[in-house]
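All values derive from a computational prediction rather than experimental measurement. These numbers come from the heavy atoms of this one structure, side chains and all, not from hydrogens, waters or symmetry mates. Residue numbers start at 1 and run along the sequence shown.
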Amino acid sequence: MAIMYKKRKIFYIADIHLYSQSVIQKSGRPFHNPVEMTETILQNWRDTVSSSDKIYVIGDVCKYNLPGGRLQQIFRELPGEKHLILGNHDAMYKYKKSFYRCFSTVKKYDKIIDDGKYVVLFHYPMEAWDGMHYQNAYHIHGHVHGKGEELIYHPNRFNVAA
């Protein structure tokens, strides 16, 4: 009898800024309103991430705490083992402790191994990071909202802003 093994995938996303009108304008996102943007992001998550996958949110989930525990409800229902790397907007939620419980880990900075590659996770782009001179070491960040023209190019640094 053959045993099937599904390899757990790891996904990365940053700067989703759920329900934010200002991020649509600031980042030039192709949405008419914050509800359309949020529903698209959440549906893409549901369509891509399975319950056995890991997903790292590299900061800036939402600029504001949503009423009635809605932010916690959203993240409890999304598939995957969720990890949060704190961004500049993630420490201001009124009920942050209950929100943070939606994640397996909550850190400012992390280092993981992904498919044999050393990965440094930090919300802000860094010009230098642990292991950056090795071919199999990467830095994954957000914060610059898909722009990053001002950054010095490095082939092993990736901006995963939504």
Asks: Is there a donor-acceptor contact under 3.5 Å from the side chain of D53 to the main chain of K9?
Replies: yes

Asks: Is there a path of hydrophobic side-chain contacts, each under 4.5 Å between heavy atoms of I, L, V, M, F, W or Y residues, that connects F11 with I13?
Replies: yes

Asks: Which heavy-atom pair separates I24 from F31 by the least distance, and what is that distance?
Replies: CG2-O, 3.5 Å

Asks: Between E127 and R157 (salt bridge meaning N to carboxylate O under 4.0 Å), is one present in this structure?
Replies: yes

Asks: Mind checking whether Y124 and N88 have side chains closer than 4.5 Å, heavy atoms only?
Replies: yes

Asks: State, without any angle test, whether Y56 and D110 hold a side-chain donor-acceptor pair at a distance under 3.5 Å.
Replies: no

Asks: Nearest 0.5 Å please: distance from the CD atom of E77 over to the SG atom of C102.
Replies: 10.0 Å

Asks: Do Y118 and M132 have side chains that get closer than 4.5 Å, going by heavy atoms?
Replies: no

Asks: Do T105 and L84 come close enough that some side-chain heavy atom pair is under 4.5 Å?
Replies: no

Asks: Measuring from atom CD1 of I41 to atom CG of L78, what distance do you get when rounded to the nearest 0.5 angstrom?
Replies: 11.0 Å

Asks: Taking I74 as the starting point, is it possible to reach Y100 by hopping between hydrophobic residues whose side chains are less than 4.5 Å apart?
Replies: yes

Asks: Any donor-acceptor pair under 3.5 Å linking the side chain of K82 with the backbone of G80?
Replies: yes

Asks: Testing the basics here: between P34 and S20, what is the closest heavy-atom pair and its distance to 0.1 Å?
Replies: CB-N, 3.7 Å

Asks: Distance check, rounded to the nearest 0.5 Å: T38 atom OG1 versus I16 atom CD1?
Replies: 8.5 Å

Asks: Any idea which heavy atoms bring G142 and A14 closest together, and the distance?
Replies: CA-CB, 3.6 Å

Asks: Under a 4.5 Å cut-off applied to non-hydrogen side-chain atoms, are L86 and V106 in contact?
Replies: yes

Asks: Suppose we screen for side chain to side chain contact (heavy atoms under 4.5 Å, CB included). Which residues come up paired with M126, at least two apart in sequence or across chains?
Replies: Y109, V120, F122, W129, H139

Asks: What do you reckon, are the aromatic ring centroids of F75 and F103 less than 6.0 Å apart?
Replies: yes

Asks: Donor-acceptor pair, D90 side chain versus D60 backbone, under 3.5 Å?
Replies: yes

Asks: With hydrophobic residues grouped by side-chain heavy-atom distances under 4.5 Å, do I55 and I10 end up in a single group?
Replies: no

Asks: Can you tell me if N33 uses its side chain to pair, donor with acceptor, with the backbone of E36 under 3.5 Å?
Replies: yes

Asks: Does either side chain, that of E39 or that of Q43, offer a donor lying less than 3.5 Å from an acceptor on the other one?
Replies: no

Asks: Indicate whether the side chain of S104 and that of H83 have a donor and an acceptor atom separated by less than 3.5 Å.
Replies: no

Asks: For a ring-ring contact (aromatic ring centres under 6.0 Å, His included) check, start with the C-alpha distance between F158 and Y138, then their side-chain angles and the critical distance, and finish with the verdict.
Replies: CA-CA 8 Å; F158 297 96; Y138 298 88; 5.8 Å; yes

Asks: If you group Ile, Leu, Val, Met, Phe, Trp and Tyr by side-chain heavy-atom gaps below 4.5 Å, do V49 and Y12 land in one group?
Replies: no

Asks: With rounding to the nearest 0.5 angstrom, report the NZ to NE2 distance, K26 to H17.
Replies: 6.5 Å

Asks: In Å, rounded to the nearest 0.5 Å, how long is the span from NZ of K117 to CG of N156?
Replies: 10.0 Å

Asks: What's the spacing between H123 NE2 and I58 CD1 if we round to 0.5 Å?
Replies: 9.5 Å

Asks: Let's go through R29 and T40 carefully: what are the C-alpha distance in whole Å and the side-chain angles of both, what is the deciding distance for side chain to side chain contact (heavy atoms under 4.5 Å, CB included) to 0.1 Å, and is it a yes or a no?
Replies: CA-CA 12 Å; R29 293 185 182 181; T40 300; over 6 Å; no

Asks: Just so I know, are the side chains of I113 and V119 near enough to count as touching, which here means a heavy-atom distance under 4.5 Å?
Replies: no

Asks: So if you build clusters from Ile, Leu, Val, Met, Phe, Trp, Tyr with side-chain heavy-atom gaps below 4.5 Å, do W45 and F99 land together?
Replies: yes

Asks: Under 4.5 Å between any side-chain heavy atoms of V61 and H89, yes or no?
Replies: no

